[in-house]
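Order of the sequence lines sets the chain letters (A, B, ...), proteins ahead of strands, with each chain counted from 1.
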Amino acid sequence: MQRTKIKEILYSDKLDYECVVKGWVRSFRNNQFIAVNDGSCLDSLQIVVDSNNTDKDILDHITAGASVSARGIIKASLGKGQKVELIADSLEVLGRCDPDHYPLQLKNRPSLEYLREHAHLRMRTHVFGAIFRVRHSLAFAVHEFFHKKGFVYLNTPIITASDAEGAGEMFQVTTLDLNNVPRKEDGSVDYSEDFFGRSTNLTVSGQLEGELGALALGEIYTFGPTFRAENSNTTRHLAEFWMIEPEMAFYDLAENAQLAQEFIQYVIQYVLDHNRADLEFLDQRLAEEEKQKPQNERSEFSLLEKLRMVTANSFEKITYTEAIDILLKSKPYQKKQFKYDVSWGTDLQSEHERYLVEKHFKKPVIVTDYPKEIKSFYMRLNDDEKTVAAMDILAPGIGEIVGGSQREERLDVLESRMQEMNVPVEEMSWFLDTRRFGTVPHAGFGLGFERLVLFATGMTNIRDVIPFPRTPKSANF
RNA sequence: UCUUCCUUAGCUCAGUUGGUUAGAGCACCUGACUGUUAAUCAGGGGGUCGUUGGUUCAAGUCCAACAGGAAGAGCCA
C-alpha cells in the first residue's frame with residue numbers, strides 16, 4: 001500500500017479510511033500515543049497503538065527521532081488536541097534512534113546556535129521545517145512571478161574569468177597544484193597552465209552576463225548561487241548565497257523600482273496564501289523571542305502584521321538627497337545620537353538606514369539617485385552629472401534587500417566612467433559590444449534570496465535560513 | 001578586519017566579596033501508567049567548569065594567551 005503524506009490526512013475532512021503513514025517520532029506519550037512528523041507539514045499525526053497487543057521489542061524502540069511505518073484507519077480523535085488520528089493495526093520501526101546519542105532532544109528547546117552546529121539534523125525540528133518549506137515556496141513564487149511576466153530564466157556562469165565586476169572579494173578557481181605552482185620567468189603565476197588557461201573565480205554577480213541576455217531576449221532573470229570571499233561576520237552576510245537578478249531592456253529607473261516592489265509583494269503574498277501554518281508558527285516563535293527583549297527594543301508589529309503591511313501598501317520612494325534632508329532634521333541627528341555624520345556625498349550608514357525604515361517610515365523604503373562617487377561604474381549618469389540612477393530597497397530589520405539601477409547605455413559616457421573608476425576597458429570589450437551594437441536603455445536589480453527568506457520568516461540570523469551556511473572559518477557538512 | 005560579550009552535566013542555565021563533597025529543570029536509565037498533548041508519577045546514574053599558562057594557603061570564580069561561538073560595525077545582497 002502506498003504511503004499517504006501526513007499533510008493530506010490533516011488537511012482533509014475524509015474519515016474512516018485505511019492508509020499507511022511513514023515518518024519520524026516526535027514524542028511517545030502514555031505508552032499509547034505516538035506523534036509522527038513526515039516533513040510534509042508543520043503538524044504531526046497522532047498514531048494510537050494498542051500496547052497490550054504490540055511486540056515489546058517494537059514499543060521499546062519507539063523513541064524520539066526513530067523512523068516508523070504505521071498502517072491503520074483514520075478516525076475522528078477522541079482527544080482534544082487534534083481532529084483525526086491513526087488507529088494502528090500494524091506498526092514497524094524502520095530505523096532505530098538511540099536516545100542516548102541522538103543530538104536533538106526537542107523537549108529541551110535547543111538553542112538556534114546549537115542547532116546550527118547540528119545543521120544535518122536541524123531540518124527535523126519545527127522551526128527549521130517551517131523555514132525550509134517557506135524558503136521553497138518563495139523560490140517557487142520567484143519563478144512563477146517572472147514566468148507570468150514573460151521573463152526568460154537565464155543561467156549565467158558560476159565560474160567567471162571577469163575580475164572587473166567589482167562587487168567584492170572573489171574565490172579563486174584553480175586546478176593548479178598549490179604546492180607546486182607553475183611560474184613565469186618574472187616569478188608570477190603562469191595561469192596559461194591552469195584549467196581554463198587563465199585565472200578564474202567564482203561569480204560575485206551574474207549582472208553583466210544578464211545584461212547581454214536582456215539586450216537580446218528583452219526581459220531575463222537569473223536565480224543562482226553567488227560567492228563573496230569577504231571576511232564578513234554579521235547576521236546578514238554569507239560567503240555562498242543565492243541571488244535573483246532580473247535585467248530588463250527598455251526599462252527606466254522608475255519602472256525598475258515598480259517591478260521590484262511588485263515582485264516582493266507577489267512572493268510575500270504567495271507564502272501568506274500557501275504557508276499559513278508555517279508562518280503562524282514562526283509568528284509565535286518571534287513573539288516569544290520578542291518577549292525576552294526589553295520593552296523599547298521590541299517590534300510593535302508581529303511577523304504576520306509586517307508581512308500583510310508589505311503586501312498592502314506601496315513602498316516609500318525617496319531620493320538620496322531627500323533621505324539626507326530627513327536625517328539632518330531627525331531627532332537622533334540633532335541630539336547627536338548617530339555615531340556617523342550625515343552629509344551629502346557620503347554613503348548612508350546602517351544606523352541611518354535603520355532610522356529611515358524602522359523609525360521614520362515604518363515600512364520598506366526605496367532610495368534612489370545616489371551620488372555617482374559611491375556607486376558602481378555601470379549605473380546611468382543622471383542629467384545633473386552628480387548622481388546616478390541607482391536604487392536600494394531597505395527593509396525593516398534586514399537593511400538592504402535590493403540593489404539596482406538603470407544601466408548606462410551610452411558608450412562614451414560608460415567608457416569615461418570606467419576610466420574614472422579604473423575599470424579595465426579592454427578586458428570588458430565583450431560587455432561594451434552591447435553599447436556598440438544596438439544599445440537601448442535598460443535596468444535591473446539584484447535581490448539576496450536569503451535576505452528575503454529572513455524577512456518572510458522573521459528569523460534574525462541569515463545562517464538559519466539556508467540549509468548549510470558558508471561563512472568565514474565555517475564550511476561544515 | 002575592528003569592538004564588545006559568551007564558553008559549567010547530553011540540552012538550557014544557576015553558582016554570592018576566591019573557601020569543604022559544583023546545583024536545578026529537561027533529557028537518559030529502572031519501574032508504574034490504555035485518552036495522552038513538550039504526558040505524568042517514583043527511584044537512579046551522569047561534571048578534567050573550552051584549552052594552556054599565571055596570581056594565591058586556596059581558582060568554576062581573578063589575570064594573560066589561544067580556540068570556538070555570538071552581537072554590533074565596515075563591505076554588501
U12(B) to G69(B) separation - P atoms, rounded to the nearest Å
15 Å
Distance check, C1' atoms only: G19(B) and G60(B), in whole angstrom units.
13 Å
Closest to the E117(A) side chain, choosing from U37(B), A73(B), G69(B):
G69(B)
Using a distance-only criterion (donor-acceptor N/O pair, under 3.5 Å, no hydrogens), is the base of G35(B) paired with the side chain of E85(A)?
yes
Please report, rounded to the nearest Å, how far the C1' atom of C75(B) is from the CZ atom of F241(A).
12 Å
Output yes when R96(A) and D57(A) qualify as a salt bridge under the 4.0 Å nitrogen-oxygen rule, no when they do not.
yes
Any Q349(A) side-chain nitrogen or oxygen under 4.0 Å from OP1 or OP2 of G74(B)
yes
Nearest-Å distance for atom pair CG/C1', residues D60(A) and G31(B):
13 Å
Give me the distance, rounded to whole Å, that separates G18(B) from G54(B) when you measure between the C1' atoms they each carry.
16 Å
If every non-hydrogen atom of M421(A) is compared with every non-hydrogen atom of K375(A), which pair is closest and at what distance?
CE-O, 3.0 Å
Between C75(B) atom P and L348(A) atom CG, what is the distance in whole Å?
11 Å
Describe the nucleic acid contact of N461(A) in one word from base, sugar-phosphate, nothing, applying a heavy-atom distance below 4.0 Å.
sugar-phosphate
Expressed as a whole number of angstroms, how long is the span from Q284(A):CD to A38(B):P?
12 Å
Whole angstroms only, please: what is the CD1-P distance between I462(A) and C76(B)?
16 Å
Classify the nucleic acid contact of S350(A) as base, sugar-phosphate or nothing, counting any heavy atom under 4.0 Å across all strands shown.
sugar-phosphate
If I take atom CG in residue N31(A) and atom P in nucleotide C33(B), what distance separates them, rounded to the nearest angstrom?
9 Å
C41(B) to C26(B) separation - P atoms, rounded to the nearest Å:
8 Å
Using the side-chain heavy atoms of R116(A), tell me which of these nucleotides is nearest: C28(B), C11(B), A70(B).
A70(B)
Q32(A) or E450(A): which one's nearest nucleotide on RNA chain B is closer to the 5' end?
Q32(A)
Is R26(A) near enough to A39(B) that one of its side-chain N or O atoms lies under 4.0 angstrom from OP1 or OP2?
no
Is a side-chain N or O of T234(A) found less than 3.5 angstrom from the main chain of R236(A), in a donor-acceptor match?
yes
Which value, in whole Å, describes the distance between the P atoms of nucleotides G47(B) and C11(B)?
14 Å
For the OH atom of Y17(A) and the OG1 atom of T4(A), what is their distance to the nearest 0.5 Å?
6.5 Å
Report which part of the nucleic acid G446(A) touches: base, sugar-phosphate, or nothing (heavy-atom distance under 4.0 Å, all strands).
sugar-phosphate
Is any side-chain heavy atom of I58(A) closer than 4.5 Å to one of I62(A)?
yes
E230(A) side-chain proximity, nearest of C75(B), G74(B), U12(B)
C75(B)
Distance test, side-chain N/O of R29(A) to OP1/OP2 of U36(B), below 4.0 Å
no
How close or far is atom P of C11(B) from atom CG of L112(A), stated in whole angstroms?
16 Å
If you find the nucleotide of RNA chain B closest to S232(A) and the one closest to K473(A), which residue's nucleotide is nearer the 5' end?
K473(A)
I'd like to know if the side chain of E240(A) reaches the main chain of P225(A), judged simply by a donor and an acceptor atom lying under 3.5 Å from each other, with no hydrogens or angles considered.
no
So what does V49(A) hit on the nucleic acid, given a heavy-atom distance under 4.0 Å: a base, only sugar-phosphate, or nothing?
nothing
Please classify the nucleic acid contact of L238(A) as base, sugar-phosphate, or nothing, using heavy-atom distances under 4.0 Å.
base
At under 4.0 Å between heavy atoms, what does L78(A) touch on the DNA or RNA strands: base, sugar-phosphate, or nothing?
base
Determine the interatomic distance between C1' on C57(B) and the same-named atom on C62(B); round to the nearest Å.
16 Å
Residues G39(A) and R133(A): closest non-hydrogen pair is O-NH1, 2.9 Å
Measure the CD-CZ distance between E408(A) and R417(A) for me, rounded to the nearest 0.5 Å.
8.5 Å
C29(B) versus G10(B) - spacing of their C1' atoms, nearest Å:
13 Å
For G50(B) versus A9(B), give the span between their P atoms, rounded off to a whole number of Å.
8 Å
Using a heavy-atom cut-off of 4.0 Å across all strands, would you classify K80(A) as base, sugar-phosphate, or nothing?
base
What nucleotide, of C76(B), U36(B), A70(B), holds the atom closest to the side chain of N30(A)?
U36(B)
Regarding F455(A), tell me which of base, sugar-phosphate or nothing describes its non-hydrogen contacts under 4.0 Å with the strands shown.
nothing
In what stems does RNA chain B take part, counting only runs of at least 3 consecutive Watson-Crick or G-U pairs whose two distances fall under 3.5 Å?
B:1-7 with B:67-73, B:10-13 with B:23-26, B:28-32 with B:40-44, B:50-54 with B:62-66
To the nearest 0.5 Å, what is the distance between CD on E316(A) and NE2 on H360(A)?
7.5 Å
Which atom pairs, one a donor and one an acceptor, fall under 3.5 Å between side chains of residues 339-350 of chain A and the rest of the protein, sequence neighbours left out?
{"from": "W344(A)", "atom 1": "NE1", "to": "T321(A)", "atom 2": "OG1", "distance (Å)": "3.0"}
{"from": "T346(A)", "atom 1": "OG1", "to": "S343(A)", "atom 2": "O", "distance (Å)": "2.9"}

By the 4.0 Å heavy-atom rule, please label E353(A) as base, sugar-phosphate, or nothing.
nothing
Restricting to nitrogen or oxygen on both sides, can you table the protein-nucleotides 44-50 of chain B pairs closer than 3.5 Å?
none

Rounded distance [0.5 Å steps], CG in L10(A) versus CG in L45(A):
5.5 Å
Ignoring backbone atoms, test whether S27(A) places a side-chain nitrogen or oxygen under 4.0 Å from the OP1 or OP2 oxygen of A39(B).
yes
Have a look at E113(A) and say if it touches a base, only the backbone sugar-phosphate, or nothing, with a 4.0 Å heavy-atom cut-off.
sugar-phosphate
To the nearest 0.5 angstrom, please state how far the CZ atom of F145(A) sits from the CD1 atom of I264(A).
10.0 Å
Select base, sugar-phosphate, or nothing to describe what F33(A) touches, counting heavy atoms under 4.0 Å on all strands.
base
Between R228(A) and T226(A), is a side-chain hydrogen bond (donor to acceptor under 3.5 Å, both in side chains) present by the stated rule, with each step listed?
CA-CA 7 Å; R228(A) 305 264 167 99; T226(A) 310; over 6 Å; no
Given G74(B), C75(B), G72(B), which nucleotide is nearest the side-chain atoms of T234(A)?
G74(B)
R236(A) vs G72(B): side-chain N/O to OP1/OP2 distance below 4.0 Å
no
Students often get this wrong, so: under 4.0 angstrom with heavy atoms, is T235(A) touching a base, only sugar-phosphate, or nothing?
sugar-phosphate
Please report, rounded to the nearest Å, how far the C1' atom of A38(B) is from the CD atom of Q46(A).
14 Å
